[in-house]
J.: 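I'd like to ask you about the structure that follows.
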There are 10 protein chains.
Amino acid sequence: MLFQVQMTVKLPPDMPPERAAEIKSTEKAYAQELQRTGKWRHLWRVAGSYANVSIFDVKDNAELQEIVSNLPLFPYMAIHVTPLCRHPSSVRDDDS
Amino acid sequence: MLFQVQMTVKLPPDMPPERAAEIKSTEKAYAQELQRTGKWRHLWRVAGSYANVSIFDVKDNAELQEIVSNLPLFPYMAIHVTPLCRHPSSVRDDDS
Amino acid sequence: MLFQVQMTVKLPPDMPPERAAEIKSTEKAYAQELQRTGKWRHLWRVAGSYANVSIFDVKDNAELQEIVSNLPLFPYMAIHVTPLCRHPSSVRDDDS
Amino acid sequence: MLFQVQMTVKLPPDMPPERAAEIKSTEKAYAQELQRTGKWRHLWRVAGSYANVSIFDVKDNAELQEIVSNLPLFPYMAIHVTPLCRHPSSVRDDDS
Amino acid sequence: MLFQVQMTVKLPPDMPPERAAEIKSTEKAYAQELQRTGKWRHLWRVAGSYANVSIFDVKDNAELQEIVSNLPLFPYMAIHVTPLCRHPSSVRDDDS
Amino acid sequence: MLFQVQMTVKLPPDMPPERAAEIKSTEKAYAQELQRTGKWRHLWRVAGSYANVSIFDVKDNAELQEIVSNLPLFPYMAIHVTPLCRHPSSVRDDDS
Amino acid sequence: MLFQVQMTVKLPPDMPPERAAEIKSTEKAYAQELQRTGKWRHLWRVAGSYANVSIFDVKDNAELQEIVSNLPLFPYMAIHVTPLCRHPSSVRDDDS
Amino acid sequence: MLFQVQMTVKLPPDMPPERAAEIKSTEKAYAQELQRTGKWRHLWRVAGSYANVSIFDVKDNAELQEIVSNLPLFPYMAIHVTPLCRHPSSVRDDDS
Amino acid sequence: MLFQVQMTVKLPPDMPPERAAEIKSTEKAYAQELQRTGKWRHLWRVAGSYANVSIFDVKDNAELQEIVSNLPLFPYMAIHVTPLCRHPSSVRDDDS
Amino acid sequence: MLFQVQMTVKLPPDMPPERAAEIKSTEKAYAQELQRTGKWRHLWRVAGSYANVSIFDVKDNAELQEIVSNLPLFPYMAIHVTPLCRHPSSVRDDDS
């Protein structure tokens, strides 16, 4: 089951650079692991921003919450979730 | 080059049903043709709405405009475009 | 799997009263049938408005889309969907 | 009398973790006690967020204010209240 | 129990003047009757607009819905409801 | 001359509790004195919030500014002012 | 007593040109008469729009409502009212 | 050439009172000097707020930027600029 | 003197195609003439929309109003004007 | 390929002046270098603000992200990106 998730990062201006680097590094490892399992199906940078558009493939809402709320950057992000489903005009077998 | 395009359809309440059916049918054929060429890479329905989230893969802004403005439903849609690029944490080779 | 759905109805001012009455009657029968199957778990009127707050219990996003897009009032409603899941502080067994 | 209350939590980024843990723990006990008395009828997590959708069953506006303003997280939440009443199409005896 | 209700009227530009006059006249009689019973406690015009700020004193949300949804201008108004209760600094005995 | 004033309080999360208590206490005394003079005609709590809806009866805009800008909580509030006047359907002699 | 009033005109696209011309002509006469009496103190066009910024000098909110609601274009305008008063740094004797 | 400028001041809650007083005093002197030269034609307080509505008379956009960006409160203000010009219904010779 | 003008076109869905074609053709001629005089310095299509971003070079606000309000599509556009001036980091001689 | 980028700067009020001066100086050098290469085609100040409107000419979305995310002021700016393309009514050869 697919969800589009839009995430915009806003780090506090007074966060020490090492702390920011550490969070980002953990975030990257976590994001890559989830991509390899197939749960985080797509991850794109929004050009000109510190934001991303992602597609998650999870078994239900609870799994989405589990994954998103454990993102190391979760406390510093504005997050918008959109539930998706198959479009009647889609020709791809795997987009649902 | 990738773009996310979010489209929300709002048909005038007094459009004759045959006219609406005709536009939707032309739209479907057009969308499927573009998906087959690879230009319209993903097309998802937003659950609970008459809206979609799409990913286009075009060679530049001009081609995006060419494709989107020729959608049969173009005059009846609110459209929001987001330019995308490769995310530094992405593990997919083809998501850029 | 639960979703909160907020629906606000806006009928065109020039819709003939008989037509409006017919749509509302079909909507009511449809809504009551879905409540009896357990898919439409809660349905409340927002006081002072022509709007409702609903809780749907469906197997996935696709079923939500199927149900909502077939509402007779669907073309005349602004609809906002929020995916829900179990709250860690909930004490009810059936609220997830 | 029912109210939908939507709560979004935003803790200050510099709150010490022990302080945050303490508030959340008090909040949980308070929320569970109110659920057991039947005043806090439903409590759901919004998937992908630090937010909830709740249904309160109180005797009047004053009791709602009493309960909500005493939430330990009250100073850190954006709160949106919607008064609800029985929907004419509802089939549940207890949803009003 | 008190509610603030803010109503903004927007008549369709093509409504025949006699029809508008008739609705407004019925609305006035209905509003004055409710004021005399004490349910519609205050009714003020917002200066420079076709809008009002009202205070209703009803026994519950259901009665508010009953009263507001039966306003002759109901289909032509944007309505915003705010539940009120006694303020701890109030010195008036009857403002709750 | 009447004005509706909506005030929402947002204290800085790091304000010392004694300082907050002191401001609130001064605010309460000031609000009660103004109510007794008749300038602050109504004061209601918005249920489920740290906000109020007030009706002021002042001789002109300048007096409104004088009163509101001297509120001890003024620097910590979002304030929205709406000028009111007699509604043609009002039946109360004193609501203007 | 001064008020800033911002007015944006939106004529229905199907209003016959003669009807529009007639309303505008009446509006102009009405606006000029009010300017001569000193009630409509300033009237500026917002560059690049069908909108104006105006300053009214009236004796109270009721007079503002009387004047604005009788504008021939009143049913076709979005109107925003801001109550003004003397600024402590103003050096003009007549700006209050 | 005229511009309407709306300025809303938001001082950081932790700015020392002497520092705030100093900025405000410099701002006042600067504003009064500009009023005397005729560049800052009108300056009104928005009643019930820490905001003003101003009319500037400058030779071009560059001069507006020069004046506004040198306001001592500039870093602490939300500013909204509206270019104005003569209204065809204006009767004042100097309002353009 | 430069202004950025953002224009979004929204034709009524029931405008006859010949009428739309006629307006667009007049608009094109008018826009090209103004570009040749140098008043309409830049004109870009916003990709994926029926909108443009334009830069005008006019002698004052009045000339901007004159040009924009005479656009054949003026009654059918949402227009947003931003006054521009030389940026202190600009290296182009002609961008002011 | 062209993009309009709107940037609004918001420095934290407690940033030391030397630090702010240093960032601005680096930003200026970076902006001027990019203008000389032709990538940053236009750069205008928005009059009355700490904001700019820019036109970038880049080879794709990735290059835009590369340039914008390396701006020294990037962490302190709200940024809005609009993809542009040739307008069918443009007469300039180089505006696409």
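Chain identifiers are assigned alphabetically (A, B, ...) following the order of the sequence lines, protein sequences preceding nucleic acid strands; residue numbering begins at 1 within each chain.
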J.: Strictly less than 4.5 Å between heavy atoms, which residues of residues 74-92 of chain E line up against chain C? Please order them by number.
T.: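 Phe74(E), Pro75(E), Tyr76(E), Ile79(E), Val81(E) fall under the 4.5 Å cut-off.
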J.: Identify all side-chain donor-acceptor contacts of residues 14-21 of chain C below 3.5 Å with residues at least two apart in sequence or on another chain.
T.:
none

J.: Sequence neighbours excluded, which residues qualify as side chain to side chain contact (heavy atoms under 4.5 Å, CB included) partners of Asn70(E)?
T.: Tyr30(E), Glu66(E)
J.: What parts of residues 37-62 of chain C touch chain E if we use heavy atoms and a cut-off under 4.5 Å?
T.: Arg45(C), Val46(C), Ala47(C), Gly48(C), Ser49(C), Tyr50(C)
